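Everything on this sheet refers to the single structure shown next.
All values derive from a computational prediction rather than experimental measurement. To find a chain, count down the sequence lines: A is the first, B the second, and so on, and within it residues start at 1.
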Amino acid sequence: MSMSQTGHSTVDQSDDVPYRYTSEMAAEIEQRWQDHWEAEGTFHTPNPVGELADSSGEAGARKKYFLMDMFPYPSGAGLHVGHPLGYIATDATGRFRRMCGDNVLHALAYDAFGLPAEQYAVQTGQHPRKTTEENISNMKRQLRRLGLAHDPRRTFATIDPEYVRWTQWIFLRIFDSWYDPEADGGRGRARPITELVTRFESSERATPDGRPWAALDAVERRRIIDDHRLAYVSESPVNWCPGLGTVLANEEVTAEGRSERGNFPVFKRRLRQWMMRITAYADRLVDDLDRIDWPEKVKAMQRNWIGRSEGAAIRFATDVGELEVFTTRPDTLFGATFMVLAPEHPLVEALTTEAWPEGTRDAWTAGHTSPTEAVAQYRATAAAKTDIERQTEGRDKTGVFTGSFATNPATGARIPVFIADYVLMGYGTGAIMAVPGQDERDWEFAERFDLPIVRTVQPPADFDGKAYVGAGPAINSANDDISLDGMDVEPAKHAMISWLEEQGSGSGTVTYRLRDWLFSRQRYWGEPFPIVYDEHDLPIAIPARLLPVELPDVPDYSPKTYEPDAADTEPEPPLARVPEWVEVELDLGDGPKRYRRDTNTMPNWAGSCWYHLRYLDPFNDQQVVDPELERYWMGPQPDRQPNDPGGVDLYVGGVEHAVLHLLYARFWHKVLYDLDYVSSEEPYYRLFNQGYIQAYAYTDSRGQYVPAEEVEESVDGAETTYTYNNQPVRREYGKMGKSLKNVVTPDDMYAAYGADTFRVYEMSMGPLDVSRPWETRAVVGSLRFLQRLWRNVVDEHTGEVVVDDDDADITTKRVLHRTIDAVRTDMNGLRFNTAISRLIELNNHLTKLDRVPREAAEALVTMVAPVAPHIAEELWSRLGHGGSVAHVTFPEPDPALLVDETVTCVVQVGGKVRDRLEVPPSASDAELEELALASAAVQRALDGRAVRKVIVRAPKLVNIVPA
RNA sequence: GCCCCCGUAGCCCAAUCGGCAGAGGCGCCGGACUUAAAAUCCGUCCAGUGUGGGUUCGAGUCCCACCGGGGGCACCA
């Protein structure tokens, strides 16, 4: 294959520069090299073993680098210029690591199940598989033109039957597991469910009702086992979204109680659904955040979502039994002057008395003649409120007295029990001990309902607020048995917990905000559950040999949706409408029998929970991933840190998945680790959140968006005005999108500038993690850079290579090696913007020379290669090299050339620069001080004043402090 | 309301440990080339770092308060 010279059919407007690097020439070069890479398999990444091992078989000995993008969801709208930002960054990083000698694994798969794909299909009246596949091929086309160095053999889509098979297989491993909380020294570990059966059989573990295992019939046993599975069916309150026709996970519901997708109202309904026991992993999910290299912001969001809080469970005696509360402040128990239950609390009915007891204050009754009436009324009102209403109605404390009292175990006082909607059934035990002295909400409630307030922490003398939640010594906290008085908060908590444990009225405990993951959806376009039900209506796993369970073709795959606020409707899965698929005859070991399939599908998060493993071993049909491959690519790296959890070396994506995909994927990965399918404890070791590319949009006087491309800007002094068709328009800033008429696509950029220019521009706009506005007119700067680079190597008029084979001059050598050093550092830190500015600097330096030395030109070309790979290949080839620049070693700096012969030493007087000295880098403090004091400018500045002090930071600075 | 991040030139952005505010790009202006324009090339201009305090010999960088922008959480006991 001849890659060099000639063959340019490029039409250029100006005949005198036929070999100028224009967008036309870029297009020709780029597509030619893309074809070459594909044909040659330039970016095929060898595995150490197996089908994808190379002939040398030496890959396993090489250092590896596994990097990933959050894979795309192929929408019908195609890409805009914001989408490739992360892909370009990972591509440049991968190319850089490869040139540094690493075995780089980088590929791109497609996340293709899910609601938007299904909705797009419904809109266009086509099968989701068809539209999804079309969207994928369009996206592939757009991305191929970008020149990404992916291993094309390792691509796949989550909808591929071969992929679905293993998604379902992992689901069944989770289904076939339980969590043994005592394993691994109390940290807990998922174990095969058969081990649980063995423990019941051997009576090592007691059955829930105490009967011996042998005394239970088969169905009873199955029910017990099913209750312990990590994937289980439960009838519990779930998020029902009539507008979408499906239930949703907590993570998919916004704080306003609406669906994250579509923004429809969501209602709590008790429904039978699949759940994943992610709560079993709450501690490990929190603790292991300390072992991975993620942005603190994302770690904080996960910690917050999991919401671990340590405290105590305390039992208060009442006439109808014990009432348990959770508190993080057991030290304030002496200040608990009343109790509050969520209106939905199961004990409310029993606690509600017929008549108001003696001493009931007016405020407690809400004007009702009896607690029964007051409670009934309050509960009805609370039940009718949606979450949104609770939200918008502010935080005025409401509630009523139940007529009952509880006994404070510390003070022995009888304290009134209220119900109020500021206590939530979904957290803790749904009941609190109210300590108004140390809790703002309780203080408000106490004020409103005329309840006693006892401070049990001494606020500072200057504290003039109400509830005091800060640190301080305990007060008013003693009985005959125990005194906390004088103790700080932490020791007081411990003392109280010990005392409660001795008394048998409480214990230290931990609660979490995290709930189990609701895993079933009533939609068509997702993985079917590999589950059937028998005559007892209990779930049975479909054997691995029968996987994948494929989606049936259905006449109508659109889900049954309802009016968004039709809360009392029922989900109706599309798969339930295909009786011939639902009813199935199978031989599961005891002869052919009729079964009923599960008609739910998995949420689209399922596919993204394990795709990192499929990149490693994309064709494996025997196991989810070859353990040897997983160990090589993802295994723990003890040289990185002690107790390293392993995982993908670099994972780049937006921050929007902080608690959805990233939490779910960590959970699945830990289950697979517990069951010994993987050696890594975390899926993604280093996470980087890229920023977003946003864009300006313009509205006219009617508020309508006008095409941003055609808006003209004019600057008049300090005034900047924008006009469209000579009419003034108003500028806004936001996302790029059709409705805002401000979309710029990669295709536009390829046509106008070429992929390399586009890549350079995106990488040079600013730091990767910062969002910034797109500015098409600024792209030309990147084209000019590549044009100058081209001109430094190739004569624009003749096409001849013009580099000079003699050694570079010393200045050029210094500039070159400083650039190499800086670019390496910047690339390692994903600081492409500064790396590129260094390359431009070097390039500009070379431009000023009469002839460009070959050593500088070649180093520059190789350093440009990660960001602008096509032009680099072309120039590398024209410089006379065979093979791809992608595998050339990245230049190394010569340390001798990094130190200057002289440095400028700044001389300050009183912090102001007064002189500059050219000194050798080795100049000593004493020499510098002497030189500085001898300076005429310094003496002038001192103006006769004595010198109080001289600060020397050799060799760069001397500061003379006058008296 | 609480927590986190960010404010440097007309614009996008640089500035190791606190040590000369400017690397790179866009734009503007001037010049070269051109019949002209575009493209290209060369050159120039532009801020004292959101505001107010503090620490320091010295602050864009550290501390405090406030203002502006972005994000997260939000009655979680």
Nearest whole angstrom, please: distance from the [atom2] of [N] to the [atom1] of [X].
| X | N | atom1 | atom2 | result |
| --- | --- | --- | --- | --- |
| L942(A) | rC57(B) | CG | P | 17 Å |
| I419(A) | rC75(B) | CD1 | P | 19 Å |
| Q690(A) | rC5(B) | CD | P | 21 Å |
| E251(A) | rG72(B) | CD | C1' | 16 Å |
| I836(A) | rG25(B) | CD1 | C1' | 10 Å |
| W774(A) | rC12(B) | CH2 | P | 16 Å |
| I314(A) | rA77(B) | CD1 | P | 14 Å |
| H657(A) | rG72(B) | NE2 | P | 14 Å |

In a table with atom names and distances, give each donor-acceptor pair under 3.5 Å that connects a side chain of residues 951-963 of chain A to protein atoms at least two apart or in another chain.
from: N959(A); atom 1: OD1; to: G911(A); atom 2: N; distance (Å): 3.1

Report the residue (K848(A) or A778(A)) whose heavy-atom-nearest nucleotide on RNA chain B is the more 5′ of the two.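 Final value for this comparison: A778(A).
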Starting at the 5' end of RNA chain B and moving along, which residue's nearest nucleotide shows up first, R953(A) or A431(A)?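 Whichever sits nearer the 5' end wins; that is R953(A).
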Taking pairing as Watson-Crick or G-U wobble with both contacts under 3.5 Å, can you name the mate of [N], or confirm there isn't one?
| N | answer |
| --- | --- |
| rU49(B) | none |
| rG68(B) | rC6(B) |
| rG30(B) | rC42(B) |
| rG60(B) | none |

For the [atom1] atoms, the ones on [N] and on [M], what distance do you get once it is rounded to whole angstrom?
| N | M | atom1 | value |
| --- | --- | --- | --- |
| rG7(B) | rA74(B) | C1' | 26 Å |
| rG58(B) | rC17(B) | C1' | 14 Å |
| rC66(B) | rC4(B) | P | 13 Å |
| rC62(B) | rU49(B) | P | 15 Å |
| rC67(B) | rC11(B) | C1' | 23 Å |
| rC57(B) | rG70(B) | C1' | 38 Å |
| rU55(B) | rG60(B) | P | 16 Å |
| rC13(B) | rG18(B) | C1' | 22 Å |

Using a strict heavy-atom distance below 4.0 Å, which residues from residues 764-772 of chain A are in contact with RNA chain B?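 Of all residues in residues 764-772 of chain A, the ones placing a heavy atom under 4.0 Å from RNA chain B are M765(A), P767(A), V770(A), S771(A), R772(A).
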Heavy atoms from C-beta onward define the side chain here; which of [options] lies closest to that of [X]?
| X | options | result |
| --- | --- | --- |
| V961(A) | rC57(B), rA39(B), rA23(B) | rC57(B) |
| L424(A) | rU40(B), rA14(B), rA77(B) | rA77(B) |
| D421(A) | rC73(B), rC75(B), rC20(B) | rC75(B) |
| K297(A) | rC57(B), rG24(B), rG71(B) | rG71(B) |
| Q787(A) | rG24(B), rU40(B), rC73(B) | rU40(B) |
| S837(A) | rG24(B), rC20(B), rA77(B) | rG24(B) |
| R791(A) | rG72(B), rC41(B), rA23(B) | rC41(B) |
| F326(A) | rC42(B), rC57(B), rA77(B) | rA77(B) |
| T328(A) | rC26(B), rA39(B), rA77(B) | rA77(B) |

Are [X] and [Y] close enough that some pair of their side-chain heavy atoms sits under 4.5 Å apart?
| X | Y | value |
| --- | --- | --- |
| Q908(A) | R914(A) | no |
| F785(A) | N843(A) | yes |
| C905(A) | L928(A) | yes |
| L839(A) | L860(A) | yes |
| F758(A) | V779(A) | no |

Using a 4.0 Å heavy-atom cut-off across all strands, classify [X] as base, sugar-phosphate, or nothing.
| X | result |
| --- | --- |
| Q908(A) | base |
| L957(A) | base |
| R777(A) | sugar-phosphate |
| R784(A) | sugar-phosphate |
| D442(A) | nothing |
| V780(A) | sugar-phosphate |

Return yes if a side-chain donor-acceptor contact under 3.5 Å exists between S764(A) and N833(A), otherwise no.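 There is no such pair between these side chains.
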Scan side-chain atoms only and decide if Y512(A) and D283(A) contain a donor-acceptor pair under the 3.5 Å cut-off.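 Yes, D283(A) and Y512(A) have a side-chain donor paired with an acceptor closer than 3.5 Å.
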Should [X] be listed as having a side-chain N or O under 4.0 Å from OP1 or OP2 of [N]?
| X | N | answer |
| --- | --- | --- |
| R329(A) | rA77(B) | no |
| R788(A) | rC41(B) | yes |
| S309(A) | rA77(B) | yes |
| N833(A) | rC12(B) | no |
| R303(A) | rC4(B) | no |
| R513(A) | rA74(B) | yes |

Would you classify rG25(B) as syn or anti? Syn applies when the glycosidic angle is within 90° of 0.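 Chi for rG25(B) falls in the anti range.
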Where does rC17(B) land, syn or anti, once you apply the within-90°-of-0 test for syn?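 What rC17(B) shows is a syn base, its glycosidic angle lying within 90° of 0.
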On the ring face of F449(A), is K397(A) found with NZ or CZ under 6.0 Å from the centre and within 45° of the axis?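 So K397(A) doesn't make the cation-pi contact.
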Salt bridge check: are E447(A) and K466(A) linked by an N-O gap of less than 4.0 Å?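 Counted as a salt bridge, because a side-chain N and a carboxylate O are separated by less than 4.0 Å.
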For atom CZ of R303(A), decide whether the heavy atoms of other residues, nucleotides or ligands shown that lie under 6.0 angstrom number more than 12.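 Result for CZ/R303(A): enclosed.
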Does any N or O donor sit under 3.5 Å from an N or O acceptor when you compare the side chain of K956(A) with the base of rC20(B)?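 Not at all, since no donor on one side and acceptor on the other fall under 3.5 Å apart.
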Suppose we screen for salt bridge (Lys or Arg N to Asp or Glu O under 4.0 Å). Which residues come up paired with E490(A), at least two apart in sequence or across chains?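 For E490(A) the salt bridge (Lys or Arg N to Asp or Glu O under 4.0 Å) partners, ignoring immediate neighbours, are K493(A).
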